[in-house]
Amino acid sequence: MSSDDPVRVFERFATLDAISHGRAQVMLGRGSFTESFPLFGFDLQDYEILFEEKLALFSKLLTEKPVTWQGTTRAALNDVEIFPKTESGQLEAYVGVGGSPESIIRAARYGLPIMLAIIGGSPERFKPYMRLYEKATEQLGTPKYPIGMHSHGVIAPTDEAAYDIAWRSLRVQMDKIGQERGWAPMTRERFEKEIATGSYYVGSPTTVAQRIARAIKGLGVNRFDLVYSAGNQTPAERQQTIELYAKEVIPQVRQILAEEIND
Amino acid sequence: MTKKIGIIGAGKLGIVLAQIGLQAGYEVAIAGSGSPEKISLTMAVLAPGAKAMTSLEVAKQNDNIILALPLSKFAQLDSDMFMGKVVLDAMNYWWEVDGKRDDFNNPQYGTSELVQEYFNSSYIVKAFNHMGYHDLLDESSIVNPENSSIKAIAVAGDDAIAVKKVAAIVTDFGFNPLILSSLHDGLKLQPGINTFGADLEIDDLKIAIDSYTDTSFGQAIAAAKLQ
Ligand SMILES: NC(=O)c1ccc[n+]([C@@H]2O[C@H](COP(=O)([O-])OP(=O)(O)OC[C@H]3O[C@@H](n4cnc5c(N)ncnc54)[C@H](OP(=O)(O)O)[C@@H]3O)[C@@H](O)[C@H]2O)c1
């Protein structure tokens, strides 16, 4: 959101919400890529203030009441109504957070739920950040929402087929980002560790369902989002992931979690 | 006597090093850019026991201090406060945070050498820079004694005594120190070299360092040496 305009973001998502019968959800982020800053005339030096101000304004817009706001990153608003309104009166919005404690406390301060962006390593690493969110909401007296997470994945009929797609798409994309930042390329060992116990949900529907259920339980999150689009996958491969996720993985995850509750 | 460590920078890396230090039985003092109150909740939850204070106090109260703030910010610190101290430089050039800086990407002169130039009365030793913060926490054998192997952290400095002290800290923190011959050699641990991001055992880290010319930045370092 740092290089977008909060009012426009709200207008667009409220419109989407209307078209989709209330299914729009906004994930707000500071942005981990920087191209959009020069593209829209923002200075990367203002990274912090841009997000802070825009999140403050956006959290006011979410009330769907007349908004009065003043800051340094856009024109002030004085008792302005923003349209369209949503049918439910509450557009669903989350703040995406990585490993920065500041971001978590900020989300708690604005009374917004968080989505943990977990892109590598064991998901349990994020447990302390969940505790931080809970403690922060308690201290600030803001609502404590269920926490969600997102990670990358590829689903195919067999583990081998999914592995092959991920090796040439997800890994290559990660290496490309890494190269821009000076990281060494990912080893096969590392890649396999991510699949086995880390943050790549790659495999057959059953494999992926078991991994997701384990992550949900291990962390105690209430929501899991699969990022299915990494790298140079064909549209057919992406569709395959979406279809298997919806038809097979989600029901299996629900079943595993239900069984364990009954146990 | 309890060992002490000071950490300047209370972000992703600073917090992880505080957690490891506490686990290793150190008394940990930590500072962000602002007041201690700003980081007190974070510390209470993520690294309970670490003392939040100002960077001035951290420097005053500790002989061994880790710099875990953005590289472009070190000159905001008062170098006199670090006189005679061992300063572990864990900082890297990250252009998205630091902006485009040619001086931070110079194959002739490492960023730790720039830090040494600024803190000219301190002993700068490069350490804990090449491993990602999550990996540091997972791989520390102090935090996770059940790990099947001990990973290596490269240590580069010019003062033999300071290097020895830092190697001892690295060991206390649950890693094998791999000592390079000089602070200048720390260039081989910078972004753009295959060691950057390395989460390896000592022999493999050695190999990665020795093959630093595999990347174009490494070739530029080698070419600069010949001049
Ligand atoms: N992240 C990693 O995995 C990793 C691994 C190895 C090395 N490093 C290096 O470690 C350094 C920190 O990285 P990070 O990822 O931890 O960044 P980060 O999460 O953004 O944290 C940076 C910290 O430095 C503080 N800071 C900024 N200016 C300061 C000042 N003048 N005095 C005292 N504290 C100041 C910030 O405080 P405020 O929030 O109050 O501004 C913040 O607590 C960087 O040089 C990075 O290259 C990072």
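Below, chain A is the first sequence line, B the second, and so on; all start at residue 1. Keep in mind that this is a model prediction, so the values were computed, not measured.
More than 12 heavy atoms of other residues, nucleotides or ligands sit less than 6.0 Å from atom CZ of B/F104. The number of heavy-atom neighbours closer than 6.0 Å to NZ of A/K217, taken from other residues, nucleotides and ligands shown, is above 12. Annotation: A/L44, atom CG; neighbour count of heavy atoms from other residues, nucleotides and ligands within 6.0 Å is above 12. Heavy-atom contacts from other residues, nucleotides or ligands closer than 6.0 Å to NZ of B/K4 number more than 12.
Annotation: the span from A/I118 atom CD1 to B/H134 atom NE2 amounts to 8.0 Å, rounded to 0.5 Å. Taking CH2 from A/W183 and CG from B/N194, the interatomic distance works out to 12.5 Å, rounded to the nearest 0.5 Å. With rounding to the nearest 0.5 Å, the separation of CD in B/E96 from CD in A/E35 is 8.0 Å.
Taking every heavy atom of both residues into account, B/P191 and A/R181 meet most closely at CB-O, 3.9 Å. Summarising the geometry of A/E180 relative to B/W95, their closest heavy-atom pair is O-NE1, 3.3 Å, with the distance given to 0.1 Å. Shown here for B/E139 and A/K193, the closest heavy-atom pair between the two residues is OE2-NZ, 4.0 Å. The two residues A/I105 and B/L41 come nearest to each other via the heavy atoms CD1-CD2, 4.2 Å.
Within residues 134-155 of chain A, the residues having any heavy atom closer than 4.5 Å to a heavy atom of chain B are A/K135, A/A136, A/Q139, listed by residue number. Residues of residues 197-226 of chain B lying under 4.5 angstrom from chain A, judged on non-hydrogen atoms, are B/G197, B/D199 by number.
Contact of A/Y133 with chain B is not made at all, since no heavy-atom distance falls under 4.5 Å. For a residue to count as touching a neighbouring chain, one of its non-hydrogen atoms must lie under 4.5 Å from one of that chain's; by this rule B/D138 touches chain A with the side chain only. Contacts between A/Y129 and chain B at a heavy-atom distance below 4.5 Å involve backbone atoms as well as side-chain atoms.
In terms of heavy-atom pairs under 4.5 angstrom with chain A, the leader among B/I15, B/L46, B/N92 is B/L46.
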